[in-house]
**Q** 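Here you go, one structure.
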Amino acid sequence: MSTTLLPKTFYDRPVLDVARDLIGRRVVRLLDGQRVSGLIVEAEAYRGEEDLACHARAGLTPRTAVMYGPPGHAYVYLTYGMHWMLNCVTGPEGFPAAVLIRAILPQEGQAVIAANRAGRPQREWCNGPAKLCQAVHIDGRLNGAGLWHSASQLWLEEGQPVVEAQITHTPRIGIHNAPEPWRSIPWRFVTNEEFNLKEKE
DNA sequence: TTTACGATCTAT
DNA sequence: TAGATCGTAAAT
């Protein structure tokens with residue numbers, strides 16, 4: 001499995017292409033010099049001001065500014081007053097779009113992850129967008145971080161790309177107040193395996 | 001300044 | 001099915 005960093009150009013593409021291509025890639029967090037990582041198994045695309053489920057529906061604001069900037073940066077925000085969410089800003093620059101990382105499969109640093117997710121079964125360590133942020137210590141301090149270099153202590157690697165046949169498309173989660181067609185548009189990408197596991201939950 | 005509301009998670 | 005808990009954006 002490749003530990004090559006995904007280049008800045010990886011993110012400089014339409015958000016749906018990037019979201020789809022992010023499945024199987026590795027999120028790496030450096031904590032006290034130690035690699036803590038996992039493979040992405042679920043992601044969602046949020047695209048433009050016309051996407052009424054996207055934060056950019058409110059236009060350019062202090063919060064959404066990162067999404068309007070150049071691709072390849074992290075958009076990290078707090079929701080429900082307590083949960084951090086990790087997103088990757090995509091291209092082109094000036095157009096607000098990002099991919100929400102919804103779940104990863106823990107790889108390296110499992111002891112750290114277990115400690116951060118105290119007492120919960122392994123399956124529940126990183127199977128939600130807020131859970132994975134808690135597991136690898138991602139918070140607002142990483143908002144705007146460059147994901148193409150290791151100096152940011154948070155980056156993405158090539159990992160193990162997944163073929164189309166292994167990916168299920170569904171509507172996005174947790175946007176029940178958004179009007180159609182945004183509520184139902186299939187902009188969530190999840191590996192078949194993860195999809196089957198979640199169906200049972 | 002006040003209000004409403006979350007791209008969620010957990011316990012009941 | 002409801003409660004936690006607070007930043008953001010729009011309304012007042």
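Hydrogens, waters and symmetry mates play no part in the numbers below; they use all other heavy atoms, side chains included. Chain naming here is simple, since letters A, B, ... match the order of the sequence lines and numbering starts at 1 in each. Computed from a predicted model, the values in this text were never measured in an experiment.
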**Q** Is Glu157(A) paired with Arg35(A) through a side-chain N to carboxylate O contact shorter than 4.0 Å?
**A**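 Yes.
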
**Q** Rounding to an integer number of Å, can you tell me how far Leu52(A) CG sits from dA7(B) C1'?
**A**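 Leu52(A) atom CG is separated from dA7(B) atom C1' by 14 Å.
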
**Q** Applying a 3.5 Å limit to both distances, which nucleotide forms a Watson-Crick or G-U wobble pair with dA7(B)?
**A**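 In the structure as shown, dA7(B) has no Watson-Crick or wobble partner.
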
**Q** Check every atom of dA10(C), dG7(C), dC9(B) against the side chain of His83(A) and return the nucleotide holding the closest atom.
**A**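 Comparing dA10(C), dG7(C), dC9(B) against the side chain of His83(A), the answer is dC9(B).
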
**Q** Under the 3.5 angstrom rule, does the side chain of Glu180(A) hit a backbone N or O of Ser184(A) as a donor-acceptor pair?
**A**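 Checked: pair present.
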
**Q** Counting the benzene-type ring for Trp, do His137(A) and Trp84(A) have ring centres under 6.0 Å apart?
**A**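 Here the rings of Trp84(A) and His137(A) have centres that are no less than 6.0 Å from each other.
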
**Q** With respect to the side chain of Lys131(A), which nucleotide from dA7(B), dT10(B), dA9(C) is positioned closest?
**A**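 The closest nucleotide is dT10(B).
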
**Q** May I have the distance from Glu49(A) (atom CD) to dA9(C) (atom C1'), rounded to whole angstrom?
**A**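 Those two atoms, CD and C1', are 14 Å apart.
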
**Q** Identify which nucleotide among dA11(B), dA7(B), dA9(C) has an atom closest to any side-chain atom of Arg120(A), counting heavy atoms from C-beta outward.
**A**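 Of dA11(B), dA7(B), dA9(C), dA11(B) is nearest to the side chain of Arg120(A).
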
**Q** Between dT8(C), dT8(B), dG7(C), which one does the side chain of Ala130(A) approach most closely?
**A**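 Nearest to the side chain of Ala130(A) among the choices is dT8(B).
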
**Q** Does Arg188(A) place a side-chain N or O at less than 4.0 Å from the phosphate oxygens OP1/OP2 of dA7(B)?
**A**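 Indeed not, no polar side-chain atom of Arg188(A) lies that close.
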
**Q** Are Tyr77(A) and His55(A) near enough that their ring centres are under 6.0 Å apart?
**A**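 Judged by ring-centre distance (under 6.0 Å), Tyr77(A) and His55(A) do meet the cut-off.
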
**Q** In this structure, how many angstroms lie between the P atom of dC9(B) and the CD1 atom of Ile173(A), rounded?
**A**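 Result: 11 Å.
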
**Q** Please determine, for dT5(C), whether a Watson-Crick or G-U wobble partner exists with both distances under 3.5 Å, and give it or none.
**A**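 Answer to the pairing question: none, since dT5(C) forms no Watson-Crick or G-U pair.
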
**Q** Need one value for Arg172(A): base, sugar-phosphate or nothing, where a base atom within 4.0 Å counts as base even if backbone is also close, heavy atoms only.
**A**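 The answer is nothing, as Arg172(A) stays clear of every strand by at least 4.0 Å.
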
**Q** Would you indicate what Ala53(A) reaches in the nucleic acid, counting non-hydrogen atoms under 4.0 angstrom: base, sugar-phosphate, or nothing?
**A**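 Base, at least one base heavy atom under 4.0 Å.
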
**Q** When you get a sec, tell me which of dA7(B), dA9(C), dC9(B) is the closest nucleotide to the side chain of Pro129(A)?
**A**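 Given the options dA7(B), dA9(C), dC9(B), the side chain of Pro129(A) is closest to dC9(B).
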
**Q** Of all the choices, dA7(B), dG7(C), dA9(C), which nucleotide is nearest to the side chain of Leu78(A) once you look at every atom?
**A**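 Output: dG7(C).
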
**Q** Has the side chain of His55(A) got a donor or acceptor that lies under 3.5 Å from a partner of the other kind on the base of dA7(B)?
**A**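 By the distance-only test, yes, there is a pair.
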
**Q** Just call it for Leu100(A): base, sugar-phosphate, or nothing, with non-hydrogen atoms closer than 4.0 Å on any strand.
**A**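 Touches a base.
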
**Q** With a 3.5 Å cut-off and heavy atoms only, can you find an N or O donor on one side and an acceptor on the other between the side chain of Tyr77(A) and the base of dA7(B)?
**A**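 Yes.
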
**Q** Please give, in whole Å, the distance from dA7(B) P to Leu22(A) CG?
**A**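 After rounding, the gap between these two atoms is 20 Å.
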
**Q** Under 4.0 Å between a side-chain N or O of Arg102(A) and OP1 or OP2 of dT8(B)?
**A**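 The answer is yes; a side-chain N or O of Arg102(A) sits under 4.0 Å from OP1 or OP2.
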
**Q** Planes under 30° and centres closer than 5.5 Å, is that true for Tyr80(A) with the base of dA4(C)?
**A**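 No, Tyr80(A) does not stack on the base of dA4(C), since the centre distance and plane angle fail the 5.5 Å and 30° test.
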
**Q** Testing Arg29(A), Glu108(A), Gln110(A) one by one against Ser37(A) for a side chain to side chain donor-acceptor pair (under 3.5 Å), which residue passes?
**A**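 Result for side chain to side chain donor-acceptor pair (under 3.5 Å) with Ser37(A): Glu108(A).
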
**Q** Rounding to an integer number of Å, can you tell me how far Met85(A) CE sits from dG7(C) P?
**A**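 Checked: the CE to P distance equals 15 Å.
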
**Q** So does Arg117(A) get a side-chain nitrogen or oxygen closer than 4.0 Å to the phosphate oxygens (OP1/OP2) of dT10(B)?
**A**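 Result: yes.
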
**Q** Starting from P on dA9(C), measure out to CG on Leu60(A) and report it in whole angstrom.
**A**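 For the pair Leu60(A) CG and dA9(C) P, the rounded distance is 10 Å.
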
**Q** If hydrophobic clusters are built from ILVMFWY residues whose side chains come within less than 4.5 Å, do Leu156(A) and Phe10(A) share one?
**A**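 Yes, it is one cluster - the side chains of Leu156(A) and Phe10(A) are joined through contacts under 4.5 Å.
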
**Q** Just the rounded figure in Å: distance from C1' of dA7(B) to CH2 of Trp182(A).
**A**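 Result: 15 Å.
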
**Q** Rounded to whole angstroms, how far apart are CH2 on Trp84(A) and C1' on dC9(B)?
**A**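 Trp84(A) atom CH2 is separated from dC9(B) atom C1' by 16 Å.
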
